[in-house]
> 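Mind looking over this structure? Questions follow.
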Amino acid sequence: MNKIAGLFIVVSSVTAAQQQMSLLDCEEAFQKNNLQLLAEQYNINMADADILQAKIWELPQLSGQINAYNPEDKKVFDIGHAKGAQVTQLIYMGGKKKNEIAFAKSNKELAQLQFSQLLVDLKTQLHTTYYNLYYENLKLENTNKQLGYMNDLLAAYRVQSAKGNVSLKDEVRLQSIVIQLNNDKLGINKNILEFEQNLKILTGITDDIQPQLSDAEAKDILAAQPFGDDGELKKKALENNADYQYNVKLIESSKLYAQWQKSLNIPDLNLGVGWDQNGGTFKNEANLMVGIPLPLWKSNQGNVEKANFAIQQNQKNADFQKLNLETKVESAYKTWKTQYDQLAEIKSTDLNNLDLVYNGMLKNFRNGNVSLIEFTDFMESYRQTALQIYDMKNEIIQSAEQLNQLVQTKIFY
């Protein structure tokens with residue numbers, strides 16, 4: 001009884017360590033838990049703080065004076081007869097504050113675009129990893145099915161080989177297929193572990209995630225086609241791709257920065273009021289003070305020229321990003337189209353026939369209607385074909401996800 005209870009606990013713990021999740025469930029966990037995404041959000045918060053800081057003026061300055069030594073009365077610190085005070089405030093001229101605030105706001109827009117691009121990149125990683133894991137699990141299931149039969153067959157041949165009823169050559173032939181299947185399984189399990197680890201990092205879920213995707217849903221995803229040709233997709237990408245929009249926005253931001261730097265050449269005013277008890281023309285006189293630097297030269301000219309060069313540099317970068325994006329969209333579309341057409345040539349009846357032939361070969365081999373050489377040749381061919389078909393399906397989805405990542409708007413219907 002205790003052994004049964006212990007076994008139940010072990011099985012329950014293994015089951016609890018895995019979660020079946022749809023892609024939507026993974027997206028919700030990703031939005032909530034992904035640490036990279038949460039950290040990037042703070043850049044927007046810091047940009048808000050920069051806008052707040054740009055709006056703050058310099059504090060007014062209060063200064064005072066007292067008598068240190070009265071030579072007439074020979075008195076030190078004659079505060080009662082001589083003291084004064086002034087309050088001054090820096091007044092920004094030439095729209096400095098307005099330009100500084102506009103530049104700070106443009107930096108927030110850049111931070112938002114960076115966040116959007118990171119969101120797209122990480123979401124694409126989530127999708128590609130999810131589908132990779134889905135197809136690796138299918139490959140593992142298929143490989144295990146073949147291994148189960150081939151191991152039993154090999155065990156039977158070993159017994160017969162020991163008795164001299166079958167040749168050692170036949171046993172080695174079967175052993176070769178089992179080794180190949182085990183090697184496939186080893187590679188598949190390695191991939192599964194990597195994808196499970198990536199999903200944990202992306203979603204923040206510590207349990208192993210098992211994709212919850214029906215065959216019908218997978219077929220619908222494979223059958224989806226993009227709206228429009230590569231020209232239309234390029235247009236949509238230029239309108240929506242956050243990375244490209246960041247480079248375009250950077251031109252506008254650098255122009256605002258240059259405008260701000262130019263306004264810093266305009267002298268500011270220092271306005272103030274002062275009171276002097278006994279040191280001026282009148283007793284207890286009140287004075288208005290005005291101070292302004294003499295604009296004998298442009299004190300910020302170097303920064304202005306640097307900012308103008310930055311505008312030209314960002315324009316060239318934006319031109320490059322446009323060409324780069326259009327080229328990537330065209331390449332991604334052609335890759336998807338080639339893979340889609342290639343899979344479309346394989347009819348569903350052909351795939352069904354493959355399974356029928358597989359089951360038929362197993363049955364005929366058991367009944368002695370197929371020789372061992374014919375059987376092993378077919379099993380080797382079937383092993384490779386089964387893996388290739390899963391890879392073909394996965395590659396179509398991966399190409400579609402890459403296209404989605406570039407265009408960044410709904411294009412598959």
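Model, not experiment: these values are computed from the prediction.
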> Show the numbers, then the answer: is there a side chain to side chain contact (heavy atoms under 4.5 Å, CB included) between Phe103 and Asp50?
CA-CA 10 Å; Phe103 175 65; Asp50 288 337; over 6 Å; no

> Give me the one residue out of Asn324, Leu325, Leu323 that meets side-chain contact (heavy atoms from CB on, under 4.5 Å) with Gln321.
Asn324

> Carefully, step by step, assess Glu136 and Asn189 under the rule side chain to side chain donor-acceptor pair (under 3.5 Å).
CA-CA 8 Å; Glu136 288 298 311; Asn189 277 323; over 6 Å; no

> Quick one, Glu27 with Leu24, criterion side chain to side chain contact (heavy atoms under 4.5 Å, CB included). Give me CA distance, side-chain angles, the key distance, then yes/no.
CA-CA 5 Å; Glu27 286 182 358; Leu24 182 60; 4.0 Å; yes

> With a 6.0 Å cut-off (strictly less than), is the heavy-atom count around CD1 of Ile373, excluding the residue itself, greater than 12?
no

> Please report the C-alpha distance between Glu109 and Lys249 in whole Å, then the side-chain angles of each, then the deciding distance to 0.1 Å, and finally whether the salt bridge (Lys or Arg N to Asp or Glu O under 4.0 Å) criterion is met.
CA-CA 8 Å; Glu109 293 176 352; Lys249 187 65 184 177; 2.2 Å; yes

> What pairs with Tyr157 under ring pair (Phe, Tyr, Trp, His ring centres under 6.0 Å), at least two apart in sequence or on another chain?
none

> Side-chain contact, heavy-atom cut-off 4.5 Å: Glu326 with Val329?
no

> Side chains of Phe227 and Leu233: does their closest heavy-atom pair fall under 4.5 Å?
no

> What's the verdict on salt bridge (Lys or Arg N to Asp or Glu O under 4.0 Å) for Glu330 and Lys334, showing C-alpha distance, side-chain angles and the deciding distance?
CA-CA 6 Å; Glu330 182 179 1; Lys334 288 180 178 179; 3.2 Å; yes

> Applying side-chain contact (heavy atoms from CB on, under 4.5 Å), can you list everything that pairs with Lys97, at least two apart in sequence or on another chain?
Trp57, Tyr92, Glu100

> Any side-chain heavy atom of Tyr42 within less than 4.5 Å of one from Phe115?
no

> Can you confirm whether Gln61 is buried at CD, in the sense that more than 12 heavy atoms of other residues, nucleotides or ligands lie under 6.0 Å from that atom?
no

> Any side-chain heavy atom of Ile209 within less than 4.5 Å of one from Gln18?
no

> Report yes or no: does Ser254 contribute a side-chain atom to a donor-acceptor pair with the main-chain N or O of Leu250 at less than 3.5 Å?
yes

> Have Asn287 and Glu285 got a donor and an acceptor in their side chains that come within less than 3.5 Å?
yes

> CG of Leu35: more than 12 outside heavy atoms within 6.0 angstrom?
no

> Are the side chains of Leu174 and Leu372 in touch, meaning some heavy atoms are under 4.5 Å apart?
yes

> Hey, mind stepping through Thr206 and Lys200 against side chain to side chain contact (heavy atoms under 4.5 Å, CB included) and telling me if it holds?
CA-CA 6 Å; Thr206 56; Lys200 288 178 182 179; 5.6 Å; no

> Whether the side chain of Gln245 engages the backbone of Leu238 through a donor-acceptor N/O pair (distance < 3.5 Å, no angle test) should be reported.
yes

> If I take atom CD from residue Gln160 and atom OG from residue Ser167, how far apart are they, to the nearest 0.5 angstrom?
12.0 Å

> Do the side chains of Thr124 and Asn404 get nearer than 4.5 Å, heavy atoms only?
no

> Just verifying a value: how many Å separate Thr376 OG1 and Gln175 CD, rounded to the nearest 0.5 Å?
13.5 Å

> What distance do Asn142 atom CG and Arg383 atom CZ have between them, rounded to the nearest 0.5 Å?
11.0 Å

> What I want to check is whether the side chains of Gln398 and Asn394 have a donor and an acceptor closer together than 3.5 Å.
yes

> Give the intermediate values and the outcome of salt bridge (Lys or Arg N to Asp or Glu O under 4.0 Å) for residues Lys337 and Asp230.
CA-CA 10 Å; Lys337 189 72 168 61; Asp230 59 345; over 6 Å; no

> Apply side chain to side chain contact (heavy atoms under 4.5 Å, CB included) to the pair Leu264 and Trp260, showing each step before the final yes or no.
CA-CA 7 Å; Leu264 292 178; Trp260 177 33; 4.0 Å; yes

> Any sub-3.5 Å donor-acceptor pair from Asn300's side-chain atoms to Gln261's backbone N or O?
yes

> Does the side chain of Asn317 come under 3.5 Å of the side chain of Gln313 through a donor N or O and an acceptor N or O?
no

> Hey, does the side chain of Gln408 reach the backbone of Ala242 with a donor-acceptor pair shorter than 3.5 angstrom?
yes

> Do the side chain of Glu217 and the main chain of Ser214 share a donor and acceptor less than 3.5 angstrom apart?
yes

> Would you mind checking if Lys139 and Asp391 are paired as a salt bridge, meaning a charged N to carboxylate O distance below 4.0 Å?
yes

> Working note: Glu40 + Asn43, criterion side chain to side chain donor-acceptor pair (under 3.5 Å); need CA distance, chi angles, decisive distance, verdict.
CA-CA 6 Å; Glu40 186 69 22; Asn43 284 333; 3.2 Å; yes

> Could you go through Ser399 and Gln339, starting from their C-alpha distance and side-chain angles, then the distance that decides it, and tell me whether this counts as side chain to side chain donor-acceptor pair (under 3.5 Å)?
CA-CA 8 Å; Ser399 297; Gln339 293 171 341; 2.5 Å; yes

> Would you give the length of the straight line joining atom CG of Leu154 to atom OH of Tyr149, rounded to the nearest 0.5 angstrom?
12.0 Å

> Please round to the nearest 0.5 Å and tell me the distance separating atom NZ of Lys234 and atom NZ of Lys322.
10.5 Å

> State, with a plain yes or no, whether a side-chain heavy atom of Leu118 is found less than 4.5 Å away from one of Gln114.
no

> Can a donor-acceptor pair be found, under 3.5 Å and without considering hydrogens, that links the side chain of Lys255 to the backbone of Tyr257?
no

> Would you say Asn270's side chain and Val290's backbone share a donor-acceptor pair under 3.5 angstrom?
no

> Hey, is the main chain of Thr128 close enough, under 3.5 Å, to the side chain of Asn132 for a donor-acceptor pair?
yes

> Any donor-acceptor pair under 3.5 Å linking the side chain of Lys236 with the backbone of Lys410?
no

> Rounded to the nearest 0.5 Å, how far does CD of Glu401 lie from CD of Gln405?
9.0 Å

> Tell me every residue that passes side-chain contact (heavy atoms from CB on, under 4.5 Å) with Glu141, counting only those two or more places apart in sequence or in another chain.
Leu138

> Is there a side-chain contact between Thr88 and Pro60 in this structure, where contact means two heavy atoms from C-beta onward sitting under 4.5 Å apart?
no

> Might you work through the side chain to side chain donor-acceptor pair (under 3.5 Å) test for Gln210 and Asn137, ending with a clear yes or no?
CA-CA 9 Å; Gln210 292 297 318; Asn137 282 334; 3.2 Å; yes

> Could you check whether any side-chain N or O of Asn314 sits under 3.5 Å from a backbone N or O of Ala310, counting only pairs where one atom can act as donor and the other as acceptor?
yes

> Can you confirm whether more than 12 heavy atoms, excluding those of Asn367, are under 6.0 Å from its CG atom?
yes

